[in-house]
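The structure appears right after this line, and notes come after that.
As the structure is a computational prediction, the values presented were derived from the model and not from experiment. Start at 1 and go down the list; that is how both ligands and their atoms are numbered.
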Amino acid sequence: MFLAICETSASLATVLLAKRVIEIIGIVVPIILIIMCAVDLLKQVINPDEKNYSKLTKRIFAASCVFFIPTIVGLLLDLVGTTDFSATRCWTDANASTIEFLSKQEEAEKEAEEKAKADENAEAKRKREEQNRIREEIRKENEEEAQQAGQNGKDGLVIVKDGVFYYPCDSSKNGTAASKGSAPYGYVKPFYDKLVAFTKAAAAAGVSVNMSTTECYEGIKGVCGAWRSRSSQEYAWHCYKTGSCNNGNLAAAPGTSRHGWGIASDLRFGGNYSASVAWAHAHAKDFGLHFPISSENWHVEPINVKCY
Ligand SMILES: [Zn+2]
C-alpha cells in the first residue's frame, strides 16, 4: 500500500513539498540560532558576570541538530527502506522529473481507459443496431406472410391463391350477381387492395391515377369501369359493334370481360394526363397489375389471371 501511494504523482508532489520545507528549515533555523549565539556571546563579553555558557551550548547543539535534520531523516529512511515499507523510494522519487514522468503516465492510462470505454460503447451500440435490424426484418417477413395469407381465399367467383387470380371459365356466370366482389364498386378484394396501393403511390409521386368507381348493377345500360353486369356488358358490346354509343370503344363479348368478374378497372387519369398515364404504365407491375389491351391504356387487371 505504501508503495502504491508513492507511485502516484500527487502523493510524490506532497513528499517533495515536505522535502523542500525540511531543507528550508535546515538552512533558516541554524542561521537564526547562530545570530542568537552571537548575541549571547556579545552579552557575555559586555557582562562577564552572567552565566550564559549553558544556554549557548544548548543553542549550538540545537542548531547542529536542525542543520543535520535532512541527513538524519535520510539515514532513518535508509534504515526503514530495508523493511517492507520501501519508504526511501518515496523520498528519492519525490523530484520534479519523476513526478512529471508519473503524471504523464497517469494521463496516458486515463486516456487509454477512456478510449477502451468509448470502444466498448460503440460495440454495444453496433450490436443493438444489428439486433434491431434483424427484429425489423423478421417483423417485415411476418407482415408480408400475413398479407399474402389475407389475400388468399374466394371472393365473388374468383379464387386468389399466392398472387394468382383464378376465375371460372364459365361465361354464363360472368356479370351475374354472384360474380361481384365484396370490395367497393364490386371489385374482388385482393384486386381492390392492389388498386388502392397503386393509386396511393401515384398520388405520392405527384400524378393522378384513380380507379373507376362506377359499377353497373344488374339491369343498367351504361359502360362502367368497375364491376360490370351482364346487361351492361351487352350494352358496351352493342356500342362497339354499332359505333353508335360509348365512342364505339372496344368491348369484350358478353360473358368474357374481366369486369364481369370484378378483376378489371378502367382508370381515370387526371392532373398532367400524359405524365399520369406514363407513371401508371411504368409502375403497374410493381403492384401486380398490367394493361393487357394495347388500345385501352386505362384498362388495368391483375397480372396473374387464370381459368379454373
Ligand atoms: Zn375495361
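- Neither side chain, S179 nor N174, offers a donor N or O lying under 3.5 Å from an acceptor on the other.
- For the Zn ion (ligand 1), the neighbouring protein N/O/S atoms at less than 2.8 Å, given as residue and atom, are H259 NE2, D266 OD1, H299 ND1.
- In this structure C37 satisfies the disulfide (SG to SG under 2.5 Å) test with no other residue, sequence neighbours excluded.
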Please set out all donor-acceptor pairs under 3.5 angstrom arising from side-chain atoms of residues 266-275, sequence neighbours excluded.
{"from": "D266", "atom 1": "OD1", "to": "H259", "atom 2": "NE2", "distance (Å)": "3.2"}
{"from": "D266", "atom 1": "OD1", "to": "H299", "atom 2": "ND1", "distance (Å)": "3.2"}
{"from": "D266", "atom 1": "OD2", "to": "R228", "atom 2": "NH2", "distance (Å)": "3.2"}
{"from": "D266", "atom 1": "OD2", "to": "H259", "atom 2": "NE2", "distance (Å)": "3.3"}
{"from": "N272", "atom 1": "OD1", "to": "S274", "atom 2": "OG", "distance (Å)": "3.4"}
{"from": "N272", "atom 1": "OD1", "to": "A275", "atom 2": "N", "distance (Å)": "3.2"}

Please report, to 0.1 Å, the donor-acceptor pairs under 3.5 Å made by any side chain of residues 106-114, with sequence neighbours excluded.
{"from": "E106", "atom 1": "OE1", "to": "S9", "atom 2": "OG", "distance (Å)": "2.7"}
{"from": "E106", "atom 1": "OE2", "to": "S9", "atom 2": "N", "distance (Å)": "2.8"}

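- The aromatic rings of Y185 and Y187 sit perpendicular to each other, their planes meeting at more than 60°, with 30° as the lower class boundary.
- You'll find the side chain of W261 reaches within 4.5 Å of the side chain of L157, heavy atoms only.
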